[in-house]
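Accompanying notes for the structure given below.
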Amino acid sequence: QVQFVESGGGLVQPGGSLRLSCAISGITFNFYGMGWCRQAPGKQRELVTTITRGGRTNYVDTVKSRFTISRDNAKNTVYLQMNSLKPEDPAVYYCGVNVRLTSRGDLVGDLWGQGIQVTVSS
């Protein structure tokens with residue numbers, strides 16, 4: 001019943017931009033906060049950004065000035081605008097429902113998409 005439709009990934013040169021989108025059906029979308037995480041080869045999945053159901057946003061320091069999370073409740077979609085992409089940004093990016101960090105710093109979410117590949121290369 002719950003489905004994720006993700007798009008916007010691909011190959012981009014350093015300094016370029018991508019916009020990821022994640023449409024989620026099967027839930028009452030506006031009831032939940034959303035977020036994006038990423039996982040690079042050989043590394044653990046890490047939090048990138050979150051947005052509450054009221055629209056408040058948070059970012060990790062490494063992307064704060066370059067990435068923007070937004071949501072369109074009418075379309076049941078969360079977006080990640082990525083500008084000034086760097087060689088350290090390539091990863092599989094995952095959108096998730098109720099993405100958050102626990103008090104111990106563990107990354108958790110209620111539901112996750114299948115992931116979007118982002119590659120940054122010259």
Side-chain angles (χ1 to χ4, degrees):
Q1 291 182 332
V2 180
Q3 295 184 343
F4 290 75
V5 179
E6 300 170 297
S7 63
L11 175 65
V12 65
Q13 296 184 141
S17 298
L18 288 173
R19 191 190 192 200
L20 309 183
S21 66
C22 177
I24 308 171
S25 61
I27 64 169
T28 305
F29 184 87
N30 60 298
F31 281 9
Y32 300 97
M34 303 288 165
W36 292 90
C37 302
R38 65 186 181 184
Q39 187 168 24
K43 294 186 177 181
Q44 291 183 296
R45 186 176 299 189
E46 65 174 355
L47 177 68
V48 176
T49 178
T50 62
I51 183 168
T52 70
R53 63 183 185 181
R56 295 182 179 181
T57 60
N58 286 281
Y59 304 88
V60 296
D61 290 342
T62 52
V63 309
K64 191 171 185 177
S65 63
R66 301 182 294 118
F67 291 11
T68 303
I69 187 173
S70 61
R71 64 188 296 162
D72 186 340
N73 290 341
K75 297 180 179 180
N76 285 7
T77 301
V78 61
Y79 303 93
L80 182 64
Q81 178 68 47
M82 303 186 294
N83 298 327
S84 301
L85 283 160
K86 299 179 179 180
E88 59 264 36
D89 292 323
V92 177
Y93 285 72
Y94 299 87
C95 62
V97 177
N98 198 21
V99 176
R100 61 202 185 275
L101 293 176
T102 69
S103 60
R104 298 187 301 175
D106 296 323
L107 175 64
V108 298
D110 293 342
L111 297 167
W112 295 99
Q114 70 275 15
I116 308 171
Q117 179 68 55
V118 172
T119 302
V120 181
S121 177
S122 60

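Side chains are part of it too, since the values below use all heavy atoms of this structure and drop only hydrogens, waters and symmetry mates.
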The reported gap from SG in Cys95 to CD in Gln114 (rounded to nearest 0.5 angstrom) is 7.5 Å
Rounding to 0.5 Å, atoms OG (Ser70) and OH (Tyr79) come to a distance of 7.0 Å
Exercise. Under 30°, 30 to 60°, or over 60°: which ring-plane class applies to Phe67 and Tyr93, parallel, tilted or perpendicular?
Worked result: tilted
* **Note, Leu80 side chain near Val78 side chain (heavy atom, < 4.5 Å)** => no
Worksheet item: Under the 3.5 angstrom rule, does the side chain of Arg45 hit a backbone N or O of Gln39 as a donor-acceptor pair?
Response: no
Here the gap from Leu47 atom CG to Tyr94 atom OH, rounded to the nearest 0.5 Å, amounts to 14.5 Å
On a heavy-atom basis, the closest approach of Cys22 and Glu6 is SG-CG, 3.9 Å
When every non-hydrogen atom of Ser17 is compared with those of Asn83, the smallest separation belongs to OG-OD1, 2.9 Å
Taking the side chain as everything from C-beta on, heavy atoms only, tell me whether Val99 gets closer than 4.5 Å to Trp36. no
OH of Tyr59 to OG1 of Thr68, rounded to nearest 0.5 Å, is 4.5 Å
Quick one: does any side-chain atom of Thr49 pair with a main-chain N or O of Asn58 as donor and acceptor, under 3.5 Å? yes
Gln3 side chain vs Ser25 backbone, donor-acceptor pair below 3.5 Å = no
>> A side-chain contact here means heavy atoms from C-beta on lying under 4.5 Å apart; do Ser122 and Gln13 qualify?
In response: no
Val97 meets the side chain to side chain contact (heavy atoms under 4.5 Å, CB included) criterion, sequence neighbours left out, with Phe4, Ile24, Ile27, Tyr32, Met34, Leu111
Just wondering, do Val118 and Val92 contact through their side chains at under 4.5 Å, heavy atoms?
-> no
In this structure, CG of Asn73 is separated from OG1 of Thr28 (nearest 0.5 Å) by 11.0 Å
inquiry  = With a 4.5 Å cut-off on side-chain heavy-atom distances among I, L, V, M, F, W and Y, is there a chain of contacts connecting Val5 to Val2?
reply    = no
Tightest non-hydrogen contact, residues Ser21 and Ser7, listed as OG-OG, 2.8 Å
Is the shortest heavy-atom distance from the side chain of Met82 to the side chain of Val48 under 4.5 Å? no
Do any N or O atoms from the side chain of Arg71 and from the backbone of Thr52 form a donor-acceptor pair under 3.5 angstrom?
yes
So CD1 of Ile116 and CZ of Arg38: to nearest 0.5 Å the spacing works out to 13.5 Å
Please report the C-alpha distance between Lys86 and Thr62 in whole Å, then the side-chain angles of each, then the deciding distance to 0.1 Å, and finally whether the side chain to side chain contact (heavy atoms under 4.5 Å, CB included) criterion is met.
-> CA-CA 10 Å; Lys86 299 179 179 180; Thr62 52; over 6 Å; no
With a 6.0 Å cut-off (strictly less than), is the heavy-atom count around CD of Glu88, excluding the residue itself, greater than 12? yes
Flag the pair Val108 / Arg100 as yes when at least one side-chain heavy-atom distance between them is below 4.5 Å, and no otherwise. yes
Q. Can you hop from Leu11 to Leu18 via hydrophobic side chains spaced under 4.5 Å?
A. no
Residues Cys37 and Trp112: closest non-hydrogen pair is SG-CH2, 3.2 Å
Close side-chain approach of Leu107 to Gln44, heavy-atom, < 4.5 Å: no
